[in-house]
Amino acid sequence: MTIEPQPNDNCMTKEEAKKRIDALCEELQEHNYRYYVLAQPSISDYEFDQKLKELEALEAQYPEFVRPDSPTRRVGGEPTREFPTVRHKHPMLSLSNSYSLEEIREFDARVRKSVGKEAEYVCELKYDGLAISLTYENGLLTQAVTRGDGVQGDDVTQNVKTVRSIPLRLRGDFTPELEIRGEILMPRAEFERLNREREEIGNAPFANPRNAAAGSLKMQDPKEVTKRKLDAFLYYIPHELPGIKTHYDALKKAKSWGLKTSDNMAICRNMAQIMEYINDWDKGRQHLPYDIDGIVIKVNDLALQQQLGYTAKNPRWAIAYKFKAEQAETILESIDYQVGRTGAITPVANLRPVLLAGTTVKRASLHNADIIAQLDVRIGDTVYVEKGGEIIPKIVGINFDKRPAGAQPVQFIDRCPKCGTPLVRQEGEAAHYCPNEDDCPPQIKGKLEHFISRKAMNIDSLGEGKIEILYDHGLVKNIADLYDLTYDRIFGLEKVIPAENGKKEKRISFREKTAENIIRGIEQSKNVPFPRVLYALGIRYVGETVAKKLAVYFKNIDNLMAASFDELIAVEEIGEKIAESVIRFFQKPAHHEIVERLKAHGVQMQLEKKTEAVPALLQDKSFVVSGVFERHSRNEIKELIERYGGKNVSSISSKTDYVLAGANMGPAKKQKAEKLGVPIISEKEFEEMIRR
Ligand code: IVH
């Protein structure tokens with residue numbers, strides 16, 4: 001079903017536009033709530049986007065009707081240089097931590113002694129993110145402040161507004177003044193996606209989802225924060241609510257106002273129930289899509305909370321139980337060195353197999369030479385391995401008492417284990433590299449695998465195993481060789497993978513269908529557009545986004561190959577590291593030859609005609625487009641502005657260069673433009689501006 005956007009131009013009166021804006025706001029808020037808070041969406045993403053676009057268009061035309069709680073405001077904030085410091089109305093205390101069930105028992109005993117009776121508790125997950133305090137005034141989100149030092153924190157309202165599970169406006173019978181605390185976090189899957197993206201463009205990865213969430217909230221441009229899919233859970237209201245007597249009911253009330261609270265809270269009436277909750281979640285946490293680092297136990301009765309009071313740092317009515325990261329002790333038997341697609345060398349520890357958190361661990365990453373030196377780990381050492389938030393276990397320490405006599409410090413290899421080339425280590429980088437990028441087998445195979453991958457040339461009839469067969473038979477040594485393959489050359493090739501670890505022998509062979517599919521897949525890849533081809537070349541630090549930027553800017557591979565360092569860094573978001581890498585790549589005659597061969601085979605080495613360069617006649621000029629035009633639709637006008645280097649902005653300010661007015665431009669806009677002295681131009685005048 002296609003939803004046609006409602007008419008939003010001249011055929012609508014001002015009142016109708018206001019009504020439509022209000023209706024769309026309400027409707028989109030409801031869908032956001034269903035999607036992000038209840039996880040029960042009732043329309044498709046496409047329909048949602050259509051409605052959002054309609055609202056955006058209407059708001060651009062009638063800025064006077066933009067509501068502060070409009071769903072479009074989630075990304076509308078301007079970049080901030082600094083986050084103002086704000087004093088918390090109620091100090092943001094932390095919880096006292098405990099690491100043993102004994103300490104929880106003592107806590108319960110203290111509570112019972114102090115209040116003179118059994119207490120009822122609420123057990124909750126302890127989210128491993130970043131504490132935040134939200135203020136709602138008359139139902140509108142007005143402020144979001146980080147914990148800071150507990151007394152004052154940073155105002156990060158604009159960034160927090162991009163978190164979809166945080167409502168901009170409350171629903172139901174909300175209280176006029178509300179402060180609610182919670183945790184902003186990054187789901188693990190998003191954390192992994194973000195780190196992959198960062199590594200692609202040469203940025204250091206975040207160590208864990210908490211750091212990634214914290215880094216995201218402190219970004220200066222809310223539009224960038226929107227791209228990071230942050231989530232939030234709210235768990236504490238630091239003031240009274242009329243008629244509410246327990247913490248549990250307070251959170252239920254908050255939930256009824258559209259705030260995202262946890263579905264995993266439990267009321268526990270005795271220690272046995274608390275223990276059960278702790279044990280269940282210690283095991284169950286690995287199945288959650290985000291990290292928790294413990295359990296929080298809170299006295300449920302708010303009057304009892306008051307009675308128990310606070311120490312200088314912590315409430316006396318709550319305690320955190322922190323999970324122990326599961327550790328195991330085992331022996332480091334040897335170190336392997338793996339060579340990645342880019343030539344980066346990763347040392348991997350081979351461990352005597354040991355059971356850890358339900359799986360047998362045999363290997364652990366040692367990351368790089370610095371980490372090995374820091375740990376001072378030696379072959380034969382008894383090491384502690386831990387499974388943190390990360391999937392791959394790591395070595396966190398050494399039992400020096402068990403070090404075998406004569407154990408020597410690890411000598412990091414100085415030659416590539418696969419091709420023997422001396423390794424290099426660039427200044428400021430932790431990893432060693434094998435520089436033999438075109439002749440080192442794992443690098444060749446890695447580059448071929450990258451080339452055929454989905455986001456690159458998407459040749460899905462080939463895969464890791466098949467690439468290996470082609471390579472082993474000497475048929476492909478670089479990506480251009482793929483295009484010399486023919487049915488006859490590959491038909492009948494095979495590889496036998498011997499039986500191992502109880503698995504049967506496996507035979508991969510290129511029969512008729514397989515061979516046909518491979519050749520067809522390679523042929524079809526000639527239609528892949530230039531930006532993806534550029535990404536597929538596997539230039540270090542040229543990930544998908546960078547490839548797109550370079551392709552759009554330089555238009556074809558010849559321009560890019562001829563570009564100087566200065567020309568490269570002039571491109572938006574292209575820094576020195578990327579520029580150097582591009583230059584280094586194209587300095588090699590072998591790479592020129594590959595490019596020429598790909599070109600000769602018909603692989604796309606330039607942008608399609610329709611997006612070809614036009615002079616930047618409107619460079620950096622900002623336009624507000626309003627009304628209806630004779631020869632172009634409003635969208636066409638906006639596209640033209642961008643094609644010629646200009647910018648579309650939604651509302652008129654003193655910084656706007658032109659208001660491009662069609663028929664029936666709203667009078668408010670006209671007045672504003674006149675007042676600020678912004679020139680109002682017609683469609684015809686605009687056409688003159690872009691005439692070459
Ligand atoms: S309650 C006055 N509940 O843990 C008590 N905190 O050191 C307010 N945290 O700073 C905190 N999950 O960032 C509470 N379910 C939960 C929590 C939680 C995570 C964090 C919070 C706090 C820290 C305690």
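Start at 1 and go down the list; that is how both ligands and their atoms are numbered.
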Checklist entry - Can an N or O of Trp317 be found at a distance shorter than 3.5 Å from an N or O of ligand 1? => result no

Item to check | Numbering as shown, the atoms of ligand 1 that approach Ser94 to under 4.0 Å (heavy-atom distance) | outcome: 7 (O)

Checklist entry - Aromatic rings Trp317 and Tyr236: how do their planes relate, parallel, tilted or perpendicular, breaks at 30° and 60°? => result tilted

Checklist entry - For atom 13 (O) of ligand 1, which protein heavy atom lies nearest, and how many Å away is it? => result Glu183 OE1, 2.7 Å

Checklist outcome for this item: Within 4.0 Å of some non-hydrogen atom of Pro315, the atoms of ligand 1 are 2 (C)

Checklist entry - Charged N to carboxylate O below 4.0 Å: is that the case for Arg188 and Glu192? => result no

Item to check | Per-atom contacts of ligand 1 with Ala131, taking only distances under 4.0 Å to non-hydrogen atoms | outcome: 13 (O)

Checklist entry - Does ligand 1 have an atom under 4.0 Å from some heavy atom of Asp128? => result no

Checklist entry - Between Lys255 and Asp263, is there a salt bridge with N-O shorter than 4.0 Å? => result yes

Item to check | Main-chain N/O of Lys51 paired to Glu27 side chain as donor or acceptor, under 3.5 Å | outcome: no

Checklist outcome for this item: Restricting to heavy atoms, the pick from Tyr235, Tyr236, Tyr127, Tyr310 nearest atom 22 (C) of ligand 1 would be Tyr235

Next on the checklist: Less than 6.0 angstrom separating the ring centers of Phe233 and Tyr290, yes or no?
Outcome noted: yes

Checklist entry - When the ring planes of Trp281 and Tyr277 are compared, do they come out parallel, tilted or perpendicular, using 30° and 60° as the limits? => result tilted

Checklist entry - What do you reckon, does Leu93 have a nitrogen or oxygen under 3.5 Å from a nitrogen or oxygen of ligand 1? => result no

Checklist entry - ligand 1 versus Asn314, non-hydrogen atoms closer than 4.0 Å: side chain, backbone, both, neither? => result neither

Checklist entry - Does Arg169 use its side chain to pair, donor to acceptor, with the backbone of Leu140 at less than 3.5 Å? => result no

Checklist entry - Which residue from Lys126, Lys298, Met92 reaches closest to atom 3 (N) of ligand 1 through any of its heavy atoms? => result Lys298

Next on the checklist: Taking Arg269's backbone N and O only, do any of them form a donor-acceptor pair with Gln273's side chain (distance below 3.5 Å, no angle check)?
Outcome noted: yes

Next on the checklist: Can you report which non-hydrogen protein atom sits closest to atom 24 (C) of ligand 1, along with the distance?
Outcome noted: Leu95 N, 3.3 Å

Next on the checklist: Any atom of ligand 1 sitting under 4.0 Å from a heavy atom of Arg181?
Outcome noted: no

